[in-house]
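Each chain gets a letter, A, B and so on, in the order its sequence line appears, and its residues count up from 1. Atoms considered below: every heavy atom in the structure, side chains included; atoms not considered: hydrogens, waters and symmetry mates.
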2 protein chains.
Amino acid sequence: MEREEALKIVKEQLTDHRYQHTLGVMETAIALAKQYGADEKKAEAAAIFHDYAKFRPKDELKQIILSQKFPQNLLEYNSELWHAPAGAYLVEMEAGIKDKEVLEAIRYHTSGRSGMTLLEKVIYLADYIEPGRHFPGVDEVRALAKVDLDTALIQAVKNTILFLLKKNQPVYPDSFQTYNDLVMRQED
Amino acid sequence: MEREEALKIVKEQLTDHRYQHTLGVMETAIALAKQYGADEKKAEAAAIFHDYAKFRPKDELKQIILSQKFPQNLLEYNSELWHAPAGAYLVEMEAGIKDKEVLEAIRYHTSGRSGMTLLEKVIYLADYIEPGRHFPGVDEVRALAKVDLDTALIQAVKNTILFLLKKNQPVYPDSFQTYNDLVMRQED
């Protein structure tokens, strides 16, 4: 699918603010793909569609998780996690995206997972550092992303976990497994 | 077993410093048991024996984890975790402690676990706040322990996780699950 067609599809699903965010993720993902040797076209597609389901009703997202082969424990954790796996499903069904790598990069863009692919890392990180993002610690992750993908990713995942801990919120197991997996690989 | 006999057994296994720590845990555990309605004799026993295996050779601890029914993933994480489950085994074999609740309080005193018993919480917390402990955040947990056991425990587990995150160290999954379990119960 051409970029313009993909953007047109996604624009209808998003608020203006979220569409601008999507454009930022797209540019950042393409740059990271170029820098770290990921497939730029796949990075573009995954970035464009990553928040496709962001504004779907929670009930719809929940029904998709219940009816498809997604881990059911997602429903015990913050509903902010749901749009990623449900989005991967909807993007395949409604936008006709069939590429498994692209779909998995969408699926894991919020939680991460143990054993992330290069493309998944690029999308997770692009979503975190795109130019429209402004929160404590983002500049440090941006700086690290220029030097080392995994180090930047560890810092991003860690910031996310710290944010949740500070608010006494549960941390979805995939998120801390992402952290553990990355730091244990760096130790090796 | 009487307190003096138990202390005599343990003293032979520990350095003086660690024995003093054990006495502190014992006093604190009895006080917490009294305050929160746990069995004081079991709290005393678990506290006295909690660090029984602390100075056994790593290889011995590893062999116990390999040969007994302990989760094998312990061996992928910090060896500081090993003395707790291996200690529960050794305390049963060598000191003849048969009480399952006491043994489980020893087993989980470092990692915690999802669904901790009252006795397990008392021992975990006593180990963290006994008067000989001096590290950032311990006074806050001491203050919380006077008010609410679970709130104090959440803070202690959180501090432990934060400490590891700051050092880019892996966090044993049971520790995260302890945190998640406790905060999710408080939400209910």
Side-chain angles (χ1 to χ4, degrees), chain A residues 71-82 110-116 121 128 136-137 140-141 143-145 147-188, chain B residues 71-82 110-116 121 128 136-137 140-141 143-145 147-188:
Chain A
Q72 298 299 303
N73 69 348
L74 276 163
L75 300 175
E76 297 162 27
Y77 289 85
N78 199 312
S79 56
E80 282 301 309
L81 294 161
W82 303 352
T110 305
S111 62
R113 64 161 163 171
S114 181
M116 287 173 90
K121 292 176 180 178
Y128 194 90
E140 185 186 1
V141 179
L144 291 171
V147 185
D148 185 77
L149 184 69
D150 282 353
T151 306
L153 195 60
I154 288 170
Q155 194 61 38
V157 174
K158 216 158 81 167
N159 286 351
T160 304
I161 293 172
L162 291 171
F163 177 76
L164 293 169
L165 290 175
K166 276 176 195 155
K167 295 200 300 173
N168 268 19
Q169 297 271 317
V171 178
Y172 188 57
D174 276 16
S175 298
F176 69 73
Q177 279 157 17
T178 306
Y179 167 79
N180 275 344
D181 178 58
L182 291 165
V183 296
M184 286 167 106
R185 284 169 199 263
Q186 283 209 329
E187 273 174 6
D188 289 344
Chain B
Q72 298 301 300
N73 70 347
L74 277 162
L75 300 173
E76 299 163 27
Y77 290 84
N78 199 313
S79 57
E80 284 300 312
L81 293 162
W82 304 350
T110 306
S111 62
R113 65 160 161 169
S114 181
M116 287 172 90
K121 291 176 181 179
Y128 194 91
E140 184 186 0
V141 179
L144 290 171
V147 186
D148 185 77
L149 185 68
D150 283 352
T151 306
L153 196 60
I154 288 170
Q155 194 61 37
V157 175
K158 216 159 82 167
N159 285 352
T160 304
I161 294 172
L162 290 170
F163 176 78
L164 293 168
L165 289 175
K166 275 176 195 155
K167 295 199 302 174
N168 267 21
Q169 296 272 317
V171 178
Y172 188 57
D174 275 17
S175 300
F176 262 115
Q177 280 155 16
T178 305
Y179 167 79
N180 275 344
D181 179 54
L182 291 166
V183 295
M184 286 166 106
R185 283 170 200 262
Q186 283 210 328
E187 275 174 4
D188 289 343

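Contact count versus chain B (heavy atoms, under 4.5 Å) is highest, among L165(A), L162(A), L164(A), for L165(A).
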Please tabulate, one pair per line, the donor and acceptor atoms of chain B and chain A that lie under 3.5 Å from each other, or say none if there are none.
from: Y77(A); atom 1: OH; to: N180(B); atom 2: ND2; distance (Å): 3.4
from: K158(A); atom 1: NZ; to: L165(B); atom 2: O; distance (Å): 2.9
from: K158(A); atom 1: NZ; to: N168(B); atom 2: OD1; distance (Å): 2.3
from: L165(A); atom 1: O; to: K158(B); atom 2: NZ; distance (Å): 3.0
from: N168(A); atom 1: OD1; to: K158(B); atom 2: NZ; distance (Å): 2.4
from: Q169(A); atom 1: N; to: Y179(B); atom 2: OH; distance (Å): 3.2
from: Q169(A); atom 1: O; to: Y179(B); atom 2: OH; distance (Å): 2.6
from: V171(A); atom 1: N; to: N180(B); atom 2: OD1; distance (Å): 2.7
from: V171(A); atom 1: O; to: N180(B); atom 2: ND2; distance (Å): 2.6
from: Y179(A); atom 1: OH; to: Q169(B); atom 2: N; distance (Å): 3.2
from: Y179(A); atom 1: OH; to: Q169(B); atom 2: O; distance (Å): 2.6
from: N180(A); atom 1: OD1; to: V171(B); atom 2: N; distance (Å): 2.7
from: N180(A); atom 1: ND2; to: Y77(B); atom 2: OH; distance (Å): 3.4
from: N180(A); atom 1: ND2; to: V171(B); atom 2: O; distance (Å): 2.6

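The closest side-chain heavy-atom distance from P173(A) to F176(B) is not below 4.5 Å.
For residues 147-167 of chain A, the set of pairs meeting the ring-ring contact (aromatic ring centres under 6.0 Å, His included) definition, not counting sequence neighbours, is empty.
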